[in-house]
Structures are given as C-alpha cells and as structure tokens.
Amino acid sequence: MIQLPRKYLRISLILSFVISLIIHFSLIASIFIDNGFRRHFHEIQFPPVFIIAQFIATFVLGFLVFVVNHRFYQPFNVQHKLKYNRVISSIFITLVFVFIGIFLVNILNNYMTAEFDLRSRHRDIEAITRNLFCAAIVLICINVIRFLHHKQTMELEVEQLKTQSVQSQFESLKNQMSPHFLFNSLTALNNLVEESPKMANTYINRLSLVLRYSLQSHKKQTVTVAEELDFIDSYLFLLKIRYGDNLVIKINIDERFHYYNIPPLTIQILIENAVKHNEISKSNPLLIEVLSTDDEKIVVVNKIQEKLTAEEGNGIGLSNLTKLFRLLGKEITIMDNKGEFRVEIPLLKPNDYEGTDN
C-alpha cells in the first residue's frame, strides 16, 4: 500500500480537481449557458450526467498519476535524488495509466453513446489528447511542487546556518568582553582586608554579584535595562572603593526605558572604557554621565582627560560592542570631538528582544 504524506495527498486532490475543471470547463459551462453557446463550441448538446462522468474520469486519472509518481519524485524528501532512470520509469508508468484511462473512457463513451444516442466522431482522439494533457500537467505540477519545497528547505537551512553563525560570533564577542577590572578589584580587596574587614566583606559580596552577572551573561543575548542597572550599581561600588571621590558617575535613565533591552555588560564596557583611558585624580576628577534620550537611546559621555602616560589599549571593547550591535541589526554612534567622548547606544524594543536566550 502506497503511503502518501497528508500534505501531498491534499495537494494532489486539489490540483486534480482544478486540472479536471480546466480541461472540461467548456463542457461544464455548457450546462449553465444557453443553447447558442453549446452549438458554437460543441457539435452536440451533452447531457449533464455525461459531462459529470467525463469530469470524474479525468479527476481520477489525474489523482492516480499524482499517486504513482510520488515514489519516483518524492517531492517532500530533499535527500531524494532525481535520476534519469526514475524519470523514464515515471513517464512509462504514466503512459500506461493514460492508455488504461483511454480504454476505460472509451468504454464509458460507448455506453453513453448508446444510452443517449450521442455521435462518437473524433471521440477517441479527444480522449487521447485530453488524457495526455492531464498527465503532462500533473507531471509538471509534481516537479514544481518538488522544486518549491526543495527551494524553501534550502533557504531555511541557509537561514539556520546564518543564525548558528551569528550565535557563534555573538558568543565569541561576549567572551572577549569579560570584565578587565578583576585584577584591580582583587588588589583593592587586599588593601581593604587590612584596613577595614567589615567593608571588605561588603566588597566581596558586591564583587561576587558582578562576577556572577558577568559569568551568566553568556546565557542571554539581551537583558533588560533594569537588570543591567542593578549590575551597574554593584560595579560602581567597586569603582568608588578604588577611586573614591575622584570618580563621579551620574546615571539618569528614564524609567519607561527600564524594560527595553541591551546586550549584557554594555554600560559596564562603556564606563570601563572611560575609566581606562582618562586621568582620574584628586586634582582632575572624572565625570561620567549615563543618560537616556527621547529617541530610545542610552548615551554615555565623559570629558576627555588624557593621561600623562597613555595606557595601551587595542580598542577591543568598543570594536566588539559595535560588532555585537550589528549582529542585532543596530548601529552604535561614537563621537570624539570638542574634548568630549560620547557613545550612543540604541535600545532594543522589548517585543523584539525580550530576554532572548541563546
């Protein structure tokens, strides 16, 4: 017994019906249109039962051709290779069914001729032409179905490969953005243990929160702004221990943006970049502002205070952040002019990037 996929069975039935309807359209139309139409297109007025019988015969032939050719073409199996011997076998089997159909239709026509006194001139030629045309259309339909399904499957596979590639790149970029302040944080902790054990305990708790967030960030492509700000609160505590009043960070992000999304560690990277490349001292304190704008962006801005001894940096942080946002279909803006360094980060709308997991 031939097992057909339900989808193929459904398509076969629909297309067989449509093909039969097209082939017998003029006959079917003659049932509902006046005698002038009938006389113009047909030598004889056919009774409705004859027309319906012809329609059903063509429909059955078309459906059977769909069924027997499934094993040769297997249109929904992308692993199935279409070889010449299969095509030849398909054509041969189809012709067999066509001529069987012609034989059966002739029997039907002879019966109808006797029953309704219909003239049978050219009836054999009409049957051959009609059945060959039906079979040809069915074979074309099968190949179109096969082509479209394989094309859609290939496009889907390409998109899946692109997604996997993006995920891989995303992970690679995030792994490169691990916090660079760990060494300095441990040094500060060492000093605190001797000077203020109680403060050292608080410092350890905050440091553990920062490290936990950093380690868990690889599980998500994005986090909410609220989550990032909770993390930043602990991160800033560590910076204040190290720099004291020499470092001032003002954060003013509208609450309506708290449920928007950004890649994890985004704000931390920008603050760290400012801390790393600017002088921070009692005589020259550094102010970093983190603001939101009405056009759904977060802006991190600081006055440029060049260090006497420039710290070496390869720009990986900002470069990777730019690449990361591009993978999400967004662009960040970096401006370095008039003694001010400014980075604008586009916020990601919650509906599109709500806590997207990898």
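Since the model is a prediction, treat every value here as computed from it, not as a measurement.
- By the salt bridge (Lys or Arg N to Asp or Glu O under 4.0 Å) test, Asp294 is found to be paired with Arg256, residues two or more places apart in sequence or in another chain being considered.
- A heavy-atom distance below 4.5 Å is found between the side chains of Ile288 and Leu286.
- Listed by first and then second residue, the salt bridge (charged side-chain N to carboxylate O under 4.0 Å, His left out) pairs that reach into residues 201-213 are Arg206-Asp233, sequence neighbours excluded.
- With sequence neighbours excluded, no residue satisfies side-chain hydrogen bond (donor to acceptor under 3.5 Å, both in side chains) with Arg6.
- Contact detail for Glu228 and Val223: the closest heavy-atom pair is OE1-CG2, 3.9 Å.
- Glu331 meets the side-chain hydrogen bond (donor to acceptor under 3.5 Å, both in side chains) test with Arg326; sequence neighbours excluded.
- Using a distance-only test at 3.5 Å, with no hydrogens or angles considered, no donor-acceptor pair links the side chain of Asn284 to the main chain of Ile280.
- Ile137 and Ile93 fall within the same hydrophobic cluster, where Ile, Leu, Val, Met, Phe, Trp and Tyr residues are linked whenever their side-chain heavy atoms come under 4.5 Å apart, directly or through other members.
- Residues Ser90 and Asn69 bring a donor and an acceptor atom of their side chains to less than 3.5 Å of each other.
- Sorted by first then second residue, the salt bridge (charged side-chain N to carboxylate O under 4.0 Å, His left out) pairs that include residues 133-147, not counting sequence neighbours, number zero.
- Checked against side-chain hydrogen bond (donor to acceptor under 3.5 Å, both in side chains), Ser292 has no partners two or more places apart in sequence or in another chain.
- Lys297 places no side-chain N or O within donor-acceptor distance of the main-chain N or O of Thr333, the cut-off being under 3.5 Å.
- Residues Phe133 and Phe66 share a hydrophobic cluster, clusters being chains of Ile/Leu/Val/Met/Phe/Trp/Tyr side chains in contact below 4.5 Å.
- Contact annotation: the side chain of Val144 never approaches that of Ile142 to less than 4.5 Å [non-hydrogen atoms, C-beta and beyond].
- A cation-pi geometry, defined here as NZ or CZ lying under 6.0 Å from the six-membered ring centre and within 45° of its normal, does not hold between Lys349 and Tyr260.
- For Phe147, the side chain to side chain contact (heavy atoms under 4.5 Å, CB included) partners at least two apart in sequence or on another chain are Lys151.
- Every residue two or more places apart in sequence or in another chain was checked for a side-chain hydrogen bond (donor to acceptor under 3.5 Å, both in side chains) with Lys250, and none qualifies.
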Taking only distance into account, with no hydrogens and no angle test, what donor-acceptor pairs under 3.5 Å do side-chain atoms of residues 10-24 form with protein atoms, sequence neighbours excluded?
{"unit_1": "Ser12", "atom_1": "OG", "unit_2": "Tyr8", "atom_2": "O", "d": "2.7"}
{"unit_1": "Ser16", "atom_1": "OG", "unit_2": "Ser12", "atom_2": "O", "d": "2.7"}
{"unit_1": "Ser16", "atom_1": "OG", "unit_2": "Phe63", "atom_2": "N", "d": "3.1"}
{"unit_1": "Ser20", "atom_1": "OG", "unit_2": "Phe55", "atom_2": "O", "d": "2.7"}
{"unit_1": "His24", "atom_1": "NE2", "unit_2": "Gln54", "atom_2": "O", "d": "3.2"}
{"unit_1": "His24", "atom_1": "NE2", "unit_2": "Thr58", "atom_2": "OG1", "d": "2.6"}

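- For the salt bridge (Lys or Arg N to Asp or Glu O under 4.0 Å) test, no residue two or more places apart in sequence or in another chain qualifies with Arg86.
- Enclosure of atom CG in Asn85 by more than 12 non-hydrogen atoms of other residues, nucleotides or ligands within 6.0 angstrom is indicated.
- Cluster note: Leu209 groups with no other residue, as no ILVMFWY side-chain heavy atom lies under 4.5 Å from it.
- Hydrophobic cluster membership for Leu287: Val248 (Ile, Leu, Val, Met, Phe, Trp, Tyr linked by side-chain heavy atoms under 4.5 Å, directly or transitively).
- With contacts defined as side-chain heavy-atom distances shorter than 4.5 Å, the pair Leu321/Asn273 does not qualify.
- Each of Phe72 and Ile88 belongs to its own hydrophobic cluster when Ile, Leu, Val, Met, Phe, Trp and Tyr are linked at side-chain heavy-atom distances under 4.5 angstrom.
- Contact check for Thr222 versus Leu328: side-chain heavy atoms found under the 4.5 Å cut-off.
- Proximity of Glu344 to Ile334: side-chain heavy atoms (C-beta onward) are nowhere separated by under 4.5 Å.
- Note that the CG atom of Asn302 and the CG atom of Leu270 stand 9.5 Å from one another [nearest 0.5 Å].
- Linking ILVMFWY side-chain heavy atoms closer than 4.5 Å, directly or via other members, places Phe231 and Phe257 in a single hydrophobic cluster.
- One finds the CG atom of Leu139 at 4.5 Å from the OG1 atom of Thr94 (value rounded to the nearest 0.5 Å).
- Counting heavy-atom neighbours within 6.0 Å of Met154 CE, excluding the residue itself, gives a total of 12 or less.
- By the 4.5 Å heavy-atom criterion applied to side chains, Leu348 and Glu296 are not counted as neighbours.
- Closest approach of Pro285 to Gln305, counting heavy atoms only: O-OE1, 3.0 Å.
- Under the 4.5 Å side-chain heavy-atom criterion for grouping Ile, Leu, Val, Met, Phe, Trp and Tyr, Val290 is connected to Leu318 within one hydrophobic cluster.
- Between Ile253 and His258, the shortest heavy-atom contact is O-NE2, 3.5 Å.
- Two residues are said to be in side-chain contact when any heavy atoms from C-beta on lie closer than 4.5 Å; Val225 and Asn261 fail this criterion.
- Distance alone, capped at 3.5 Å, places no donor-acceptor pair between the Glu289 side chain and the Ile251 backbone.
- Put simply, the side chain of Leu239 reaches to within 4.5 Å of the side chain of Ile249, judged on heavy atoms.
- Within 6.0 Å of CZ on Phe76 lie more than 12 heavy atoms contributed by other residues, nucleotides or ligands.
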